[in-house]
Amino acid sequence: MDSFIVITLIKTVVVFAVMMSSLLYLQWAERKVIAHIQVRPGPYRVGPHGLFQPFADVIKLITKEDLIPPYVNKPLYLAAPFIAMTMSLISISVIPFGPAIQVAGYSTWMQLTDLNIGVLFVLAVASMGVYGIALAGWSSNNKYALIGGLRSSAQMISYELPLSLTIAAPLLISNTLSLRELVERQGGSVASAATASILDWNILHGPFPQILSFLIFLIAGFAETNRVPFDLPEAENELVAGFHVEYSSMKFASFFMAEYANMITVSSMATLLFLGGWVAPWPARYGSSLVPAVIFAGAGVVALYHGMHPGHRRDRRTLPVFGVAFLGIAAFFLLPVVQVWLLPSFWFCAKTGSVLFTFMWVRGTLPRFRYDQLMGFTWKFLFPVAVVNLLLTGFLVAWLG
Amino acid sequence: MQLWLIPLLPLAGFLINGVFGRRFSKGLVNSVAIGSVALSFAWVLKTIFALGALAGVYREHYFTWIRSGVVNIGCDFGVDRLTIVMLLVVTGVGALIHIYSIGYMAHEGGYYRFFAFLNLFMFFMLVLVLASNYLVMFVGWEGVGLCSYLLIGFYFDKKFATDAGNKAFIVNRIGDFGFSLAMFYMVKNFGSLDFATVFKQAPGAPEATLTVIGLLLMLGACGKSAQLPLYVWLPDAMAGPTPVSALIHAATMVTAGVYMTARSWTIYTHAPAAMNAIAVIGLATAFFAATIGLAQNDIKKVFAYSTVSQLGYMFLGVGCGAFSAGIYHLVTHAFFKALLFLGAGSVIHALSGEQDLRNMGGLRKKIPWTYATMVCAAVAIAGLPPFSGFFSKDAILVAAYQHAPWMYWLGTLTAGMTAFYVFRAIFLAFFGEYRGDKHAHESPPVMLIPLAILALLSLAGGFLFKVPQFLAPIFPALEAPENPALVAISVVAGVLGIALAWLMYGAKPALADSFAASMNGLYTLVYNKYFVDEIYGATVVDPLVGGSRVVLWKGVDAGLIDGTANGVAARARNLGSLLRLMQSGNIRSYATWVLFGSVLLIVAMGIAGGLR
Amino acid sequence: MTDVPVPISWFLTLSAILFVLGVAGFVFRRSVITVFMSIELMLNAVNLSFVTFSYQLKQVNGHLFAFFVMVVAAAEAAVGLAIILTVFKNRETLNIDDVDSMKN
Amino acid sequence: MTLAIFLIFAVIAVVCAINVVVQTHPISSAISLVGVMGSLAVLYLQLGAEFIAAAQVIVYAGAIMVLFVFVIMLLNAGAEVKHGRSLTAQLLGAPLLVALLGLLAYFVQRLYPRGASVLFGGFRHGTPLDIGRALFTTYLLPFEATSILILIGIVGAIVLARKEMD
C-alpha cells in the first residue's frame with residue numbers, strides 16, 4: 001500500500017520531468033527541423049547547436065513584463081492559460097510507455113495509472129481543453145480575441161467528431177477502452193511478445209487495416225492542437241492572431257506549452273491506437289532488440305566523423321563528445337538487464353517521435369487553410385469519411401472477427 | 001317491365017341539364033329535356049301495350065326502404081288503369097308543354113335551369129303517380145311541391161315571384177302536414193302504408209278512424225289542389241313562366257290532390273262524412289273561385305281562378321262518389337286548361353309581356369292561330385256539346401244531382417259563370433279594336449303545334465277517351481240514370497253565359513262598366529277576391545309573425561337559449577379571469593406554480609406512501 | 001487506513017440539494033441562459049440520484065437512464081440555445097421577464 | 001477514503017451550484033456549472049459508474065457547456081439586468097424551495113436508514129461493456145428513439161438559428 005504510493009509518486013515525478021523537458025526540447029527540435037527544411041542552421045548560438053536555446057527562451061519569457069490589460073475579466077483571464085495547460089498535461093497520466101517492469105523487487109507498470117476507460121478519459125480531458133481557449137478569448141475583453149476564441153473553439157469542437165469516430169474504429173478491433181490492454185491486444189502482451197510484429201498493429205491489423213482512420217486521426221489531431229495547416233490563431237498578419245492576442249510573457253508561453261503538450265498527447269495516442277504502442281516492428285529474435293544500439297552507434301560514428309572534419313570551430317570540441325555519448329548509449333542499450341524496460345520505451349518514444357516529426361514536417365511544408373475551407377473540410381469530408389470507415393470496420397469486425 | 005325507367009328518364013335529363021346545361025347549347029338542352037320526356041312517354045305507351053287489358057294492379061318491388069318494427073315500407077311502383085290515365089296525361093301533356101316551352105322561353109335567361117327544373121318536376125310527378133304506397137307517393141308529393149316552388153320563383157330577381165313561391169310552399173306545408181298526419185294515423189291503425197294492405201283492411205276499420213284519415217288526406221289534397229281554404233297560393237303562382245302555369249298549376253300537379261283522393265276511394269267510400277266534406281268544399285271552391293274569375297283583368301289570373309274552380313268541380317265529382325267522373329274531368333281539364341294557358345302564353349308572348357285584358361282587343365286578325373285554338377278550349381270548358389268539357393262536367397253534375405240536388409243547381413250556375421268569364425276573356429282579348437300600344441306578332445310554329453294538338457284533344461277528347469268506361473273496373477259503379485233534362489239545363493247555362501259575355505264585352509262594352517258601377521260594392525268585393533288574402537294576413541300571418549318575433553325570437557331564442565349559452569360563457573369567463581392571474585406570461589411565476597404543484601405532489605405521495 | 005463508507009442517503013441528499021438549487025436558479029434568475037443552465041443543473045441532480053439508485057439496487061438500469069437523460073439534455077440544449085439565439089435576434093434581450101408575451 | 005472524497009467533491013459541487021445561482025454573470029455561472037459536473041463525475045466514479053462519469057465529462061462538460069459558453073460569447077451576454085418583477089416568484093419562491101428541500105431530505109432520511117451505504121468498488125457493473133450490452137438489448141428501442149430525437153434536435157436547431165434567406 002505504502003509502496004504503491006511511493007512508487008506512484010516516483011513515477012509521477014519522473015513522468016512530469018520527462019514531459020516538461022520534452023516540451024522544452026520539442027520546441028528546439030521543431031525549430032531545428034524547420035530550419036533544416038528551409039536549409040538554414042536554425043538555433044546555433046546558445047550552447048552547442050543551440051542546445052540551451054529553450055532555457056534562454058524560458059528565462060526571456062519569465063523575465064518579460066507580465067501586463068494585464070485593463071477591463072479584462074481578471075479571474076477568467078488569469079485562469080484560462082492554466083486551464084489549457086492543466087488539461088493538456090493531465091492526459092499524459094493514463095498513457096503507458098511500456099509493459100510491467102521489476103524495479104528493486106517491486107513490479108509496476110510504466111504508466112501512471114491505467115483506467116479501463118482510458119480512451120474516454122483522454123477524450124474527456126481533450127474536450128475540456130476547449131475552455132482554456134474560449135475563456136481566454138472571451139475574458140480578454142477584446143473583439144479580435146473574442147472572435148479568435150470563437151474561431152478556435154469552434155474548430156476544436158468540430159474536429160472532435162472525426163477524431164472520436166476514428167478513435168472508435170481501432171477500439172472496435174481491439175475491443176477495449178483501456179490503453180494498456182489496447183497495446184496488449186496489438187501484441188504487447190507477455191504471451192505474444194515473442195511473435196508480435198508490425199502486422200499486429202491496428203494500422204495493419206485485420207480484418208480492416210486502419211490506415212485511413214490513422215490519416216484522419218492525424219489530420220484531426222493537427223486541428224485539435226491548432227497546428228499548421230489549421231493554425232489560425234498564429235495568423236497575426238491576416239487575422240490579428242487569435243484568442244491569445246492580449247496575453248504576454250509566461251501566460252502567452254503557457255498556451256504554447258499546452259499546444260506542444262497536446263501534440264505529445266495526440267502523438268502518443270496515435271502510437272497507442274494505431275502503431276502498437278511499445279511493440280517492436282518485428283520480434284526480438286529477428287534482432288529488433290539490436291536496432292536502437294545500431295542507430296545510436298551510427299549516430300555516434302557520424303558525430304565522430306564530423307568531429308574530425310568540423311564545419312565550425314566549436315564542433316571540434318562538441319561533436320566528439322556527442323559521438324562518445326551516442327556510442328555509450330548504444331552500448332547501454334546492449335545490456336540485457338536494461339533492455340527489458342528500456343527497449344519498449346525506446347520503441348514508444350521512436351514512434352511518438354516520428355509522429356511528432358510529421359507534425360513539424362507538415363508545418364514546414366503546407367500553407368494555411370482559410371476558415372470556411374477548414375470547417376467545410378471537416379464537416380463535408382472528414383466526418384463522412386470517418387463515419388463510413390467506422391461502419392465498414394464495425395461490419396467487418398462483426399462479420400469476420 | 002322496368003317501370004322505374006319512366007321516372008328515371010326525366011331525372012337523367014335533369015341531372016345532365018343541371019350539371020352541364022350551363023355549357024350546353026340551347027339545342028342540346030332542348031334535345032336532352034324533351035328527349036327524356038318523350039322517351040318516358042314512349043316507355044309509358046310500351047308499358048301499356050305490354051300490360052294489355054290490365055284488370056288488377058301490376059307491381060314492381062325494388063328495395064326495402066324502411067323496416068322498423070311493424071312498419072315495412074318498400075320502394076315499389078304499381079300500375080293500374082287509374083295510373084295509366086295519369087301517366088298518359090302527365091307524360092303526354094308534359095311533352096307537349098316541353099315543346100311549347102322551346103319557343104316561349106327562347107328569349108329568357110336561365111334556359112337550361114328552366115328545363116332542368118321541368119324535368120325534375122316530371123320525375124317527381126311520375127313517382128307520385130307510379131307510387132304503390134303512401135310514403136313513396138309522399139316523396140313525389142313533396143318533390144312536385146319543391147319544383148313548383150322553384151319554378152314559381154323562376155324569375156328570382158323579381159320580389160313578387162319569390163314571394164309567390166314562398167307563399168305556395170308555405171301553404172302547401174299546411175296540406176302536407178295533414179297528409180303526413182294521415183300517414184301516421186294509417187301506420188298506427190293498419191301498420192302499413194301500402195295501398196293494397198291499407199285498402200284491404202280499410203273496410204274493417206271503424207268509421208271514425210277512416211273519417212279522420214279521410215279528412216286529413218283531404219286537407220293534404222286541399223293544399224295541393226288549391227281548394228278552400230288553401231287555394232290562395234295558386235293565383236299568385238301565375239308569377240312563374242306560363243308553361244309552368246300550364247303544366248304544373250293547371251294540368252298535372254294541382255290535380256294530384258284529386259288523384260290521391262280517387263286513389264284512396266276505398267277509405268272514402270267507408271267514410272261518408274269525409275266524402276260530404278270533400279263535395280261541399282269542392283262545390284264551394286268552384287262557385288267561389290268562379291265569382292272571383294268574373295272580375296279579373298289579368299288574363300292569367302282569370303284562368304288561374306278558372307283552374308281553382310274546375311278543381312272544385314273535380315272534388316265535387318269525387319266527393320259525390322263519381323270518382324271516374326272526377327278523373328274524367330281531370331283529363332279533359334288537363335287538355336283545355338293547358339291549352340287556355342298556353343294560348344294565353346302565346347298572347348302574352350305575342351304582346352311581349354302584356355297580361356292585362358284591358359290593353360288587348362282585336363287580336364283576332366293579328367294572331368289567328370292562337371285565337372282559333374283558344375276558342376276551341378273555350379267551347380270545351382264552357383261545356384258545349386260535343387266537346388270534351390261537356391262530357392266530363394255533365395258526368396259530375398249528374399252525380400251531384402244524385403248526391404244532392406242543390407249541389408247540382410249551384411254547379412250549373414257555376415258552369416254558367418265559367419262560360420261567362422272564359423268568353424269574357426276571349427272577347428276582351430280578340431274582339432273589338434286593339435287597345436294596347438305594343439306590336440303584336442304571331443307565335444312561332446314550335447308553340448303553335450302543341451296548341452293545335454291540344455285543341456284537337458280538347459275538342460275531341462270527350463268521345464276519344466271514354467275514361468269512365470276505362471276506369472269502370474276500378475271504381476264502384478254509380479247508378480246514374482241518363483237524365484237529358486239535367487244535361488240540357490247545364491248546356492243552356494253555358495250558352496247563357498256565353499251570350500251574356502258577348503252582350504257585355506262583345507256587342508256594347510259600355511254595358512260592362514255601367515253594370516259594374518251599378519253594383520259597385522259587390523264588384524269591388526269580387527274584384528278584390530273577397531279580400532281573402534288580406535283576411536288571412538290579418539288573422540293568420542300577422543299574429544304568427546308577430547308571435548314568432550316577440551315570443552319565440554325575443555323571448556325563447558334570445559332570452560332563454562342565448563341567455564343560457566351566454567350566461568354559461570360569462571360564468572366561464574369570470575372564472576377564467578381569476579385563473580388568468582396565474583397566466584401572467586412570466587416564466588418564473590409559472591415555474592413557481594410548478595414548484596408549488598410538485599411540493600403538493602410530494603406531500604400527497606408521502607401521505608399515500610404512509611410516511612408520517 | 002480503512003475505508004469509511006458513505007451512507008446512500010447522503011448521495012440522495014446531495015442530489016436533492018443540487019436539484020433545489022437548480023429550481024432556485026430557475027425561479028430567481030432573470031437571465032435566460034442562467035435559467036437554462038439551472039435546468040441542466042436539475043438534470044444533473046436527477047442523474048446523480050439515478051446512479052445512486054443503480055448502485056443501491058446493484059443494477060445497471062440507472063446508468064442507462066442517466067445516459068438517456070444526457071442525450072435528451074444534449075438535444076434540448078441544442079434546440080434551446082437556438083431558441084435563445086432567435087429570441088435575442090428578435091427582441092434584443094435576454095431578460096426572461098421581458099419575454100412574457102407570445103406576440104412581439 | 002471514500003468518505004473523504006465524497007465530502008470534498010460534494011462540498012465542491014454544492015459550492016459550485018450555489019455559485020451557479022448567485023453569480024450575476026452567465027459565464028461565471030457556466031464555469032461553476034462545469035465545476036459541478038466535474039465533481040459529479042468523480043462521485044459517479046465512486047458509485048462505480050465509470051462510463052457515465054466519462055460521458056458526463058464528455059457530453060455535459062465537454063459539449064453542452066461548451067455550447068453554452070459559445071452562445072454566451074456569441075451574444076456577448078453581460079451581467080443580467082435587474083428590472084422585471086414576478087410577484088409570485090418573490091412571495092412564494094423561497095418558502096416553497098425550503099419546503100421542497102425539507103420534504104426531500106426528510107423522505108430520503110426516512111427511506112434510507114444508515115444501513116445502506118456506498119463503498120468504492122461496491123458496484124462494478126458500470127463499465128462500457130455492461131452499458132453497451134444493456135443499451136443494445138434491453139434498451140434498444142429507447143436508444144433508437146433518442147437517436148431520432150437527436151436528429152430532430154439537429155434539424156430544429158439549424159432551422160431555428162439559420163439566418164433568414166430572403
Side-chain angles (χ1 to χ4, degrees), chain C residues 1 3-14 16-21 23-25 27-31 33-34 37-38 40-41 44 47-48 51-52 54-56 58 60-61 63-64 66-68 70-79 81-86 88 94-95 97-98, chain D residues 1-3 6 10 13-14 17-18 20-21 26 29-30 33 36-37 40 44 47-49 52 55 59-60 63-64 67-68 71-72 75 77 80-81 84 86 89 93 97 100-101 104-105 108-109 112 114 116-119 123 125-126 130-131 134-135 139 142 146 149-150 153 156-157 160-161:
Chain C
M1 57 192 289
D3 198 346
V4 183
V6 185
I8 281 182
S9 56
W10 291 18
F11 279 92
L12 294 175
T13 316
L14 173 62
I17 293 169
L18 293 182
F19 187 86
V20 171
L21 283 170
V23 178
V27 172
F28 290 125
R29 301 311 307 274
R30 291 186 181 76
S31 160
I33 298 174
T34 317
M37 286 190 286
S38 313
E40 298 293 337
L41 181 55
N44 272 277
N47 272 359
L48 177 58
V51 175
T52 314
S54 178
Y55 180 96
Q56 187 216 359
K58 300 286 183 272
V60 80
N61 303 1
H63 296 179
L64 286 155
F67 180 74
F68 286 134
M70 283 183 196
V71 176
V72 172
E76 169 224 356
V79 177
L81 288 173
I83 291 173
I84 289 180
L85 280 175
T86 321
F88 186 78
L94 286 175
N95 187 334
D97 287 349
D98 298 346
Chain D
M1 192 64 178
T2 313
L3 181 60
F6 171 79
V14 172
I18 293 172
V20 170
V21 179
S29 309
L33 190 52
V36 176
M37 287 163 176
L40 279 186
Y44 291 162
L47 290 165
I52 294 300
V59 175
Y60 259 128
I64 298 180
L67 213 56
F68 273 92
V71 169
I72 295 168
L75 303 182
E80 77 175 22
V81 282
S86 165
L97 282 169
L100 182 63
L101 182 54
L104 288 174
V108 165
Q109 295 303 334
Y112 290 88
R114 289 271 160 195
S117 64
V118 173
L119 208 54
F123 176 65
H125 298 295
D130 307 296
I131 302 280
L135 199 57
Y139 291 88
T146 42
L149 173 72
I150 286 192
L160 276 171

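Note that the coordinates shown come from a computational prediction; the quantities given were computed from them, not determined experimentally. Chain naming here is simple, since letters A, B, ... match the order of the sequence lines and numbering starts at 1 in each.
- Counting heavy-atom pairs closer than 4.5 Å to chain D, the top residue among T52(C), L81(C), V72(C) is L81(C).
- In this structure, chain C has a heavy atom under 4.5 Å from the side chain of L33(D), while its backbone stays farther away.
- Under the side chain to side chain contact (heavy atoms under 4.5 Å, CB included) criterion, I131(D) pairs with V60(C), H63(C), L64(C), F51(D), not counting sequence neighbours.
- With sequence neighbours excluded, no residue satisfies side chain to side chain donor-acceptor pair (under 3.5 Å) with E76(C).
- Contact check for L48(C) versus Y44(D): side-chain heavy atoms found under the 4.5 Å cut-off.
- When V71(D), L75(D), L67(D), I150(D) are compared by the number of non-hydrogen pairs under 4.5 Å with chain C, L75(D) comes out ahead.
- In terms of heavy atoms, Y55(C) sits closest to L47(D) at CD1-O, 3.4 Å.
- Using a 4.5 Å heavy-atom cutoff, the side chains of M70(C) and I64(D) are not in contact.
- Contacts between Y60(D) and chain C at a heavy-atom distance below 4.5 Å involve the side chain alone, from C-beta outward.
- Of the two parts of A10(D), the backbone and the side chain both hold a non-hydrogen atom closer than 4.5 Å to a non-hydrogen atom of chain C.
- When L149(D), V59(D), D130(D) are compared by the number of non-hydrogen pairs under 4.5 Å with chain C, L149(D) comes out ahead.
- Annotation: side chain of F28(C) is not in contact with side chain of V21(D) (no heavy-atom distance under 4.5 Å).
- No other option in A13(D), A30(D), A105(D) has as many heavy-atom pairs under 4.5 Å with chain C as A30(D).
- Looking at heavy atoms from C-beta onward, L85(C) lies out of side-chain contact with L160(D) at the 4.5 angstrom threshold.
- Between L40(D) and L18(C), the closest side-chain pair of non-hydrogen atoms falls below 4.5 Å.
- Residue F67(C) touches chain D through both its backbone and its side chain, counting heavy-atom pairs closer than 4.5 Å.
- The two atoms that bring A157(D) and A78(C) nearest to each other are CB-O, 4.0 Å, heavy atoms only.
- Contact annotation: the side chain of V20(D) never approaches that of L21(C) to less than 4.5 Å [non-hydrogen atoms, C-beta and beyond].
- Interface check for chain D: of the options N47(C), T13(C), I84(C), I17(C), the most heavy-atom pairs under 4.5 Å are formed by N47(C).
- Closest heavy-atom contact between R29(C) and S29(D): NH1-OG, 4.5 Å.
- Heavy atoms of V36(D) lying under 4.5 Å from chain C belong exclusively to its side chain.
- Within the 4.5 Å cutoff, the side chain of F11(C) has no heavy atoms near those of the V108(D) side chain.
- Here L12(C) contributes atom CG and Q109(D) contributes atom CD; the two are 9.0 Å apart, rounded to the nearest 0.5 Å.
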Residues L3(D), W10(C); criterion side chain to side chain contact (heavy atoms under 4.5 Å, CB included); working and verdict: CA-CA 10 Å; L3(D) 181 60; W10(C) 291 18; 3.5 Å; yes
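- Only the side chain of F6(D) comes within contact range of chain C, with heavy atoms under 4.5 Å apart.
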